[in-house]
Engineer: 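Here you go, one structure.
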Amino acid sequence: EHRPVTAEVAGSNPVGPVLIIISLENRLRLAPSPTGSLHIGTARTALFNWLYAKKTNGKFLIRIEDTDINRSREKFTTNILNGLKWLGLDWDEDIIKQSNRIDIHKSMIKQLLDKGLAYRCFTTEEESEKLREEQKEMRLPPKHDNRHRNLTANEIDKYISEGKTSVIRFKIEEDVEIEWNDLIRGEIQWLGKDLGGDMVLSRRANGYEIGEPLYNLAVVVDDNFMNITHVVRGEDHISNTAKQILLYKALGFNLPSFSHTPLILNTEGKKLSKRDSVTSIDEFKDMGYLPEAMSNYMALLGWSPNKDQEEILSLDQIAKNFNLKNINKSGAKFNWEKLNWVNAQYIKSMSRDELHKLFKECWEKEGWSSPSEEWGLKLTCLAQDSVTVINDVVYLSKPFFETPEITDDALNFLKSNDSKTILKLVLGYLNNNKKIFNNNLAKEILNSISKEHGIKKGLLMRSLRMSFFRCLNGPDLIESWELLSLIGEDNKRIREFLEVL
Ligand code: GLU
């Protein structure tokens with residue numbers, strides 16, 4: 001079931017070739033609990049694991065920690081896996097489901113009981129609560145008092161015959177020193193006395209049964225089973241690591257290396273949580289962020305490229321330079337502006353056809369369809385440099401699919417600038433023109449009107465913009481004109497204005 005301990009192997013099988021292969025291959029994992037959608041924090045942990053596996057030619061594995069039956073949902077497993085796939089974080093080997101391994105976890109707890117390293121604790125909820133209250137009053141951190149550590153077999157029988165339920169606790173000596181060299185944070189030391197008393201390994205159960213195994217035990221057993229060589233997870237797990245190291249030793253397992261990544265913080269510097277508006281990957285996806293941009297941005301939350309390197313990098317490029325050592329120790333603030341900038345860079349560098357496909361999906365959702373492929377591609381080019389997220393294309397292209405209402409503001413503008421004359425002149429040019437309308441002709445019309453009638457070009461353009469968009473902002477006028485002209489909307493919109501002016 002578990003990995004051989006090096007010392008034993010060295011004795012019985014010096015330089016076993018198979019073992020050398022195992023120890024050379026780095027094996028990393030993400031162990032999400034399917035109790036919610038894929039959170040950006042989990043996604044970034046996945047990314048760092050994936051990058052390190054990629055960099056070192058190792059494996060990136062997934063284990064679904066679904067043992068909390070009250071909170072785990074299949075739909076969240078699906079959401080998490082789809083999110084990882086979307087981000088480009090593909091995994092190796094079959095996914096391990098923790099719930100399939102409960103019997104094995106229990107058998108390991110049994111081993112610890114048999115070795116006298118763990119014991120039954122009958123402390124009731126009320127008794128624990130009372131202890132916590134007393135500690136609170138004395139301003140002490142919560143810590144179990146290990147009151148049942150030395151119960152005799154008779155005492156245990158008695159409790160059980162009285163119908164009392166029990167958890168299993170693992171003994172943690174007060175003076176035990178736990179140390180590890182964290183690949184991100186350097187040397188870390190803990191003392192047993194700071195771990196909250198003897199550790200609960202399983203939930204409450206009746207009689208001599210062993211209840212549902214808990215996180216720390218299950219993680220150690222499964223990481224060992226999966227031959228994980230590097231555990232990389234959020235710094236909120238540091239005290240769990242201290243506890244888990246004790247379990248590794250008690251079970252005779254080889255220790256992996258541990259790395260704790262800084263947390264992602266909100267703008268106030270607190271841990272980014274569900275309360276911070278958008279945090280799950282599918283929400284970012286729905287808002288129109290690109291997977292490449294998300295992965296790139298998430299890597300920059302904690303990791304930075306070499307000084308001479310750009311920040312816009314593909315996953316493979318990042319992997320080439322990636323090292324756990326280079327991850328920051330301090331928290332990384334989530335920054336919308338930066339994410340938007342990264343996303344816009346990816347949109348700018350996309351091919352017209354690729355982007356057109358994404359825009360078309362947005363248009364279809366709105367019930368809009370372009371008159372021709374060519375027209376759609378032209379509109380794509382027009383919008384490409386102005387969108388930050390893909391969904392921006394909806395408001396940007398709306399006036400090309402739907403004629404905007406004439407507003408009072410627009411009317412007032414045109415009236416006060418004597419735009420009627422201008423619009424009539426433009427219409428005249430359009431009606432008399434025999435050439436095919438295009439950008440050059442648009443420029444020609446503007447130049448001629450401006451020259452022949454002494455009208456300032458700026459006013460000319462603003463008047464046209466008002467009649468096309470019914471407001472003063474919008475994409476490039478000449479390009480827009482061409483698009484509107486291709487669907488006969490330029491003429492129509494100018495005429496509509498002239499009628500009401
Ligand atoms: N299921 C745990 C979590 O989602 C896994 C932590 C770990 O990587 O060990 O926080």
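Atoms within a ligand are numbered from 1 in the order they appear, just like the ligands themselves.
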Engineer: When you measure from the side chain of Arg120 to the backbone of Tyr208, do you find a donor-acceptor pair of N or O atoms at a distance under 3.5 Å?
Structural biologist: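 Yes, because the side chain of Arg120 sits within donor-acceptor range (under 3.5 Å) of the backbone of Tyr208.
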Engineer: Can you name the atoms of ligand 1, numbered from 1 with element, that are less than 4.0 Å from a heavy atom of Arg233?
Structural biologist: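 Going through ligand 1 atom by atom, the ones under 4.0 Å from Arg233 are 7 (C), 8 (O), 9 (O).
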Engineer: For Lys115, check side chain to side chain contact (heavy atoms under 4.5 Å, CB included) against everything at least two apart and list the hits.
Structural biologist: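 Partners of Lys115 by the side chain to side chain contact (heavy atoms under 4.5 Å, CB included) criterion, ordered by chain and then number, come out as Gln111, Leu117.
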Engineer: Within ligand 1, which atoms have a heavy atom of Tyr215 less than 4.0 Å away?
Structural biologist: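 Result: 2 (C), 5 (C), 6 (C), 7 (C), 9 (O).
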Engineer: Any chance you could measure Ile347, atom CD1, to Glu292, atom CD, to the nearest 0.5 Å?
Structural biologist: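 Interatomic distance, Ile347 CD1 to Glu292 CD, rounded to 0.5 Å: 10.5 Å.
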Engineer: Taking only heavy atoms of Glu65, which atoms of ligand 1 are found under 4.0 Å from at least one of them?
Structural biologist: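 Those atoms are 1 (N), 2 (C), 5 (C).
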Engineer: I need the nearest protein heavy-atom contact for atom 5 (C) of ligand 1: residue, atom name and distance, please.
Structural biologist: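 The closest one turns out to be Ala31 O, 3.1 Å.
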Engineer: How far is atom 10 (O) of ligand 1 from the closest protein heavy atom, and which atom is that?
Structural biologist: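 Its nearest protein heavy-atom neighbour is His237 NE2, 3.0 Å.
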Engineer: Show your reasoning for whether side chain to side chain contact (heavy atoms under 4.5 Å, CB included) applies to Ile264 and Arg44.
Structural biologist: CA-CA 9 Å; Ile264 304 180; Arg44 194 197 49 159; 3.7 Å; yes
Engineer: Side chains of His144 and Asp198: any donor to acceptor distance under 3.5 Å?
Structural biologist: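 Short answer, no.
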Engineer: What protein heavy atom lies closest to atom 8 (O) of ligand 1? Include the residue and the distance to one decimal.
Structural biologist: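 Residue, atom and distance for the closest contact: Arg29 NH1, 2.6 Å.
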